[in-house]
Amino acid sequence: MGRTVLVVGGGGREHALAIGLVESPSVDSVHVAPGNAGTAQIATNHPVSASDVDGQVGLAQTLGVDLVVVGPEAPLVAGLSDALRAIGIPSFGPHADGAMLEGSKDFAKQVMLDLGIPTAGVQHLTQETDLDEAIDRWGSPWVVKRDVLAGGKGVVVTENRDEALEFIQSSIESDGMVLLEEFLAGEEASMLVMMDESGFVALPCSQDHKRVSEGDVGLNTGGMGAYAPAPVVTKEVRNRAIQEIVEPMHVHLSSQSTPYRGCLYVGLMIDEMGAPSVVEYNVRFGDPETQVTVPLISSDLCDLLLAVAEGRLAHSMPTFHDAHAMTVVLAAEGYPGPPVKGRLIGGDISPDWQPMAEGKYLIHHAGTGLENGKLISTGGRVLAATGISENSLESAKNLAYKCLSKVQLEGSHFRRDIGHRAL
Ligand code: AMP
Ligand code: GLY
């Protein structure tokens, strides 16, 4: 009999994981909690919030699942994987202590410094700090990070000294402290590493587009589009990142009393000499990076995730398609500020991959729901159009934008330049 899997979360990342699991030959049934209108078309949704640890554990028990795949960081930080493992249910995603690598930027920085992993220098600022002296130590641009889970919105990078100072002061007021980081110049890339105590494997590297507007300007977002593989991560860069960043982390995490089992998302900054350093760690798959990474895995996704959850990845290494993927996010009016929700989504939104001469495309749902049988927007990032092509990144891009052109949502916006650094 095939496996039953529960995916925790309800964004585009979870829709991509659910699609990959539905396509896994070893899987019989896929459940998603809470899911979205896209996951409802291919799996069974359950109205349990992703951060409701007790609710998710109860659901996993009731369904008798063989595996839980945790999408977002909040339930990991709150101990969902610990609770599942305690009752014998394999969970993809680290235990609460491992999740602190994302839960606290200060903690993550200390681990990197202890292990000699290349990363930006940091100053801790509190009420007692001479802010003028601190802020002039490295000068512009200023990188200020609150040490809280803020969904990518707790960071300000600015060349405006007053803006930096204001954010520092308000953060110290609300949190008691804030981090001021050295600015790293270069090009960013995302390395998603599947990891357990038996081994690790880096998936094809991708590049996200964090700023809201074309040309990488405007406010930071959760991510407006991504593509993979990202050519900025050459073989040499990849080897260096693995040697200097991933291997020491793997040794460290595997030596803990409870090993890390899940995805370690390494946010890389690659300087002009090709030297990688760490901008951030996340303890989960990226969103929208997952939408362009899962389709590039050619082996059974469930076999891979379950192997990691059970600590036997070394014996179950994945294989990959030699192809290109691009995803373009359609955001609601107002995003990344408070989004307008509840609008009708119209046009051609098929639940399946649409084959074309150059490849295939589909819509990954994120902030979507059903109201009286009609598809409506329910969040800031509403959906993403994803194209896959064996020919070229250009073809994947054409497919993604062709797919997106068929969707209608009043007031929505998207970036027309996804992939501009590679094309
Ligand atoms: P984080 O949440 O730490 O990933 O920061 C959000 C974004 O801010 C990153 O994706 C980078 O674009 C930018 N950023 C963060 N830290 C630095 C840094 N030290 N130097 C340059 N840019 C940074
Ligand atoms: N796309 C950035 C993230 O998932 O954190």
Side-chain angles (χ1 to χ4, degrees), residues 72-74 77 99-113 118-190 208-224 265-269 271 277-284 286-287 329 331-339 379-381 413 415:
E73 62 279 10
V77 173
M100 282 304 284
L101 284 173
E102 178 165 0
S104 166
K105 288 179 186 293
D106 194 15
F107 172 79
K109 193 60 97 175
Q110 204 48 56
V111 172
M112 284 186 265
L113 294 175
T119 186
V122 69
Q123 302 182 64
H124 292 73
L125 313 183
T126 65
Q127 215 92 51
E128 275 77 57
T129 313
D130 178 340
L131 292 187
D132 281 310
E133 192 185 300
I135 205 168
D136 290 329
R137 178 159 160 208
W138 293 312
S140 172
W142 289 278
V143 181
V144 189
K145 298 188 177 182
R146 288 180 63 197
D147 196 22
V148 293
L149 272 186
K153 288 173 190 155
V155 177
V156 164
V157 182
T158 179
E159 293 178 15
N160 181 324
R161 194 178 186 277
D162 291 339
E163 192 191 343
L165 206 50
E166 218 167 277
F167 188 64
I168 288 171
Q169 279 160 340
S170 68
S171 303
I172 292 176
E173 223 159 85
S174 61
D175 311 335
M177 66 84 79
V178 73
L179 305 173
L180 178 63
E181 268 194 23
E182 204 176 355
F183 178 80
L184 297 170
E187 196 173 330
E188 282 183 79
S190 308
D208 186 12
H209 298 60
K210 297 222 165 106
R211 302 293 185 120
V212 69
S213 300
E214 278 146 35
D216 296 317
V217 297
L219 294 172
N220 255 319
T221 70
M224 293 297 288
Y265 169 133
V266 186
L268 293 173
M269 187 68 82
D271 75 11
S277 29
V278 178
V279 174
E280 64 165 339
Y281 284 118
N282 294 318
V283 297
R284 49 165 177 83
D287 189 346
V329 170
E333 182 176 344
Y335 182 81
R381 289 191 289 178
H413 58 98
R415 279 182 59 167

How long is the gap from [atom1] on [X] to [atom2] on [Y], to the nearest 0.5 Å?
X    : Y    : atom1 : atom2 : value
T126 : I168 : OG1   : CD1   : 12.0 Å
M100 : D106 : CE    : CG    : 9.0 Å
Y335 : T221 : OH    : OG1   : 4.0 Å
T158 : L165 : OG1   : CG    : 11.0 Å
L131 : Q123 : CG    : CD    : 10.0 Å
E163 : N160 : CD    : CG    : 5.0 Å

Exercise. For D216, which of R211, R415, H209 qualifies under side chain to side chain donor-acceptor pair (under 3.5 Å)?
Worked result: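 Single pass found, and it is R415.
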
Problem set entry | Residue pairs fulfilling salt bridge (Lys or Arg N to Asp or Glu O under 4.0 Å) with at least one residue in residues 165-175, sequence neighbours excluded |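 Checked against salt bridge (Lys or Arg N to Asp or Glu O under 4.0 Å) - neighbours excluded - the pairs reaching residues 165-175 are R146-D175.
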
Taking the side chain as every heavy atom from C-beta outward, state whether [X] and [Y] have any pair of such atoms under 4.5 Å apart.
X    : Y    : value
V212 : H413 : yes
E159 : F183 : no
Q127 : I172 : yes
T119 : K109 : yes
V278 : V266 : yes

Problem set entry | Flag, side chain of E181 to backbone of V143, donor-acceptor distance under 3.5 Å | no

Exercise. Quick check: does any side chain N or O of R381 sit under 3.5 Å from a backbone N or O of V329, one acting as donor and the other as acceptor?
Worked result: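 No, the answer is negative, given that no donor and acceptor are paired below the 3.5 Å cut-off.
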
What closest approach, in Å, do [X] and [Y] show between heavy atoms, and which atom pair accounts for it?
X    : Y    : value
A331 : M224 : CB-CE, 4.1 Å
P339 : A332 : CB-CB, 3.9 Å
L219 : P336 : CB-CG, 3.7 Å
A164 : W142 : CB-CB, 3.7 Å
F107 : S104 : N-OG, 3.0 Å
L184 : A120 : CG-CB, 3.7 Å

Problem set entry | Sequence-distant partners of E280, side chain to side chain contact (heavy atoms under 4.5 Å, CB included), two or more places apart |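 Checked E280 against side chain to side chain contact (heavy atoms under 4.5 Å, CB included); matches are K105, K210, Y265, N282.
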
For this session: Check side chain to side chain contact (heavy atoms under 4.5 Å, CB included) between S213 and all other residues, then give those that pass, not counting sequence neighbours.
Result: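 Partners of S213 under the side chain to side chain contact (heavy atoms under 4.5 Å, CB included) test: V217.
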
Partners meeting side-chain hydrogen bond (donor to acceptor under 3.5 Å, both in side chains) with [X] (sequence neighbours left out):
X    : answer
T129 : none
D136 : R161
E182 : none

